[in-house]
Protein chains: 2
Amino acid sequence: MVARGRPRSFDIDQALDQALYVFWEKGYEGASLPDLTRAMGINRPSMYAAFGNKEALFRKVIERYSATHSALFAQALAQPTAREVAEHLLKGTAGLCSDRGNPPGCLLVRGALSCSEAADPVREELVARRAANEAAIRRRLERAKSEGDLPIDSNPADLARYLSTVMQGMTVQASGGATRAQLQKVVLTALRAWPS
Amino acid sequence: MVARGRPRSFDIDQALDQALYVFWEKGYEGASLPDLTRAMGINRPSMYAAFGNKEALFRKVIERYSATHSALFAQALAQPTAREVAEHLLKGTAGLCSDRGNPPGCLLVRGALSCSEAADPVREELVARRAANEAAIRRRLERAKSEGDLPIDSNPADLARYLSTVMQGMTVQASGGATRAQLQKVVLTALRAWPS
DNA sequence: ACTATTATGTATCGAACGGTAAATATATTG
DNA sequence: CAATATATTTACCGTTCGATACATAATAGT
């Protein structure tokens with residue numbers, strides 16, 4: 001498969017990164033095509049030729065976002081104890097949510113929490129990805145419990161949901177202007193609920 | 001001040017309630033004027049005559065929403081101990097977030113978490129109201145601390161932010177389909193972080 | 001050089017957006 | 001019964017939305 005025709009004048013991944021930033025800040029529906037193409041440095045037909053349409057672009061952006069951040073996620077789940085898993089997840093989220101280089105909070109939450117019917121497929125995709133992340137935490141905690149790393153009366157599903165809730169809440173906090181130091185204190189408080 | 005001219009054919013508060021429901025479900029930008037006027041049972045010029053424009057309508061809806069729910073809020077803050085304040089806030093939020101009669105979660109979070117620049121004033125209004133609610137919790141906990149109802153080494157601001165974070169996280173959870181039972185378990189876990 | 005293929009730039013599409021002008025309907029006041 | 005005042009209805013405004021048709025530019029293969 002050799003390249004034919006006029007070569008593309010922009011880098012796909014670089015353009016996706018620019019689009020990511022816009023979607024992250026404004027959400028799926030809040031980001032207009034002029035917003036996106038301006039940030040990407042291309043014009044509309046080039047975007048449609050390369051990515052299909054707005055929704056397909058968003059899905060590719062989400063895919064890229066997840067791939068980038070799954071490393072941090074996987075690293076947290078790879079911690080030796082459940083307690084350290086929780087710590088890494090919460091502290092990592094606090095760090096991400098207060099990274100001045102990015103819009104505040106998590107794209108999976110900000111992307112389409114509420115929207116018009118037209119964006120429902122996108123909203124459901126984000127719901128599914130949040131659920132998948134929570135399920136991954138739950139499975140890790142189930143393993144921890146079977147290893148005796150969590151008390152016999154603890155509930156991995158409940159703990160996973162609690163962690164997800166606090167992480168998602170941090171996105172709202174960050175969107176409201178919470179600082180890194182403030183989020184880190186939230187993490188310390190939240191960890192006091194962890195079974196010992 | 002006596003009524004003159006043709007009388008209004010609809011009830012203002014009832015129309016606001018219908019608009020509330022639409023904004024609650026779709027957010028400020030996701031709710032279109034046809035969505036709103038259809039739910040309100042009136043046509044566009046009547047809406048503009050009665051409320052001004054879409055943003056003014058939203059602000060009146062928010063005002064009404066806050067007034068309705070401030071009762072629940074005030075009741076929680078009126079609990080005798082800090083522990084009971086936290087319990088009431090979290091359990092009340094879990095109940096509200098999983099009320100099948102309403103869209104899932106809190107309007108102050110769902111209304112405009114991320115949006116286009118055009119909706120920034122509305123987003124900032126919601127940020128301010130969330131901050132005001134958190135400040136009210138903080139003041140109640142400061143009082144509790146001064147009354148010896150909270151440990152001397154506890155931090156009311158941090159605890160208030162933690163409660164806000166969990167409550168806001170529950171809105172995201174509810175938007176993702178979490179059930180009442182699941183949210184109640186989140187509350188029980190979250191309360192284990194509470195200082196004794 | 002010529003053809004085939006792909007990307008880009010311009011100019012535009014129909015639909016939906018928030019918002020209104022103007023005419024008509026329904027009430028109170030004198 | 002006018003005269004006045006407000007509400008509703010219809011039809012429409014200009015703008016922005018996501019998405020494209022079409023002509024032009026730039027590459028590879030023969």
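So you know, we letter chains A, B, ... as the sequences are listed, proteins then strands, and number each from 1.
For B/His69 and B/Tyr65, the gap between ring centers is short of 6.0 Å.
A salt bridge links B/Arg129 and B/Glu63; the closest N-O separation between the charged side-chain nitrogens and carboxylate oxygens is under 4.0 Å. Taking 4.0 Å as the cut-off between side-chain N and carboxylate O, A/Asp120 and A/Arg123 count as a salt-bridged pair. Under 4.0 Å is where a charged nitrogen must lie from a carboxylate oxygen, and between B/Glu134 and B/Arg130 no such pair does. Ion pairing of B/Arg143 with B/Asp149 is absent here, as no side-chain N (NZ or NE/NH1/NH2) approaches a carboxylate O to less than 4.0 Å.
To the nearest angstrom, P of D/dT8 lies 9 Å from CD1 of B/Ile12. What separates CD of A/Glu117 from P of C/dA15 is a distance of 19 Å, to the nearest Å. Per the geometry, CD1 belonging to B/Ile42 stands 15 Å off P belonging to C/dT20, to the nearest Å. Computed from coordinates, the B/Leu36 CG to C/dC17 C1' distance equals 12 Å when rounded to whole Å. Look at CZ on A/Phe10: it is 15 Å from P on D/dT27, rounded to the nearest Å. Rounded to whole angstrom, the span from the OH atom of B/Tyr48 across to the P atom of D/dA11 amounts to 19 Å. A/Asn43 places its CG atom 16 Å from the P atom of D/dG18, with the value rounded to the nearest Å. In this structure, CZ of A/Phe51 is placed 16 Å from P of D/dG18, rounded to the nearest angstrom.
Counting only heavy atoms from C-beta on, B/Lys54 has its side chain closest to C/dG18 among C/dG18, D/dT20, D/dC17. You'll find that the side chain of A/Leu33 is closest to D/dA19, out of D/dA19, D/dT8, C/dT10. Closest to the A/Pro45 side chain, of the nucleotides C/dT26, D/dT4, C/dT10, is C/dT10. Comparing D/dA26, C/dC17, C/dT26 by their nearest atom to the side chain of B/Ser32 picks out C/dC17. Checked against C/dC17, D/dT10, C/dG19, the side chain of B/Pro34 finds its nearest nucleotide in C/dC17.
Toward the 5' end of DNA chain D, the nearer of the two residues B/Arg44 and B/Arg4, judged by each one's closest nucleotide, is B/Arg4.
Taking 4.0 angstrom as the limit, B/Ser46 places none of its side-chain polar atoms (N or O) nearer than this to OP1 or OP2 of D/dA7.
For B/Arg6 and C/dA25, a side-chain-to-base donor-acceptor distance below 3.5 Å is present, hydrogens and geometry of angles not being considered.
Here A/Ala118 lies out of heavy-atom contact (under 4.0 Å) with every strand.
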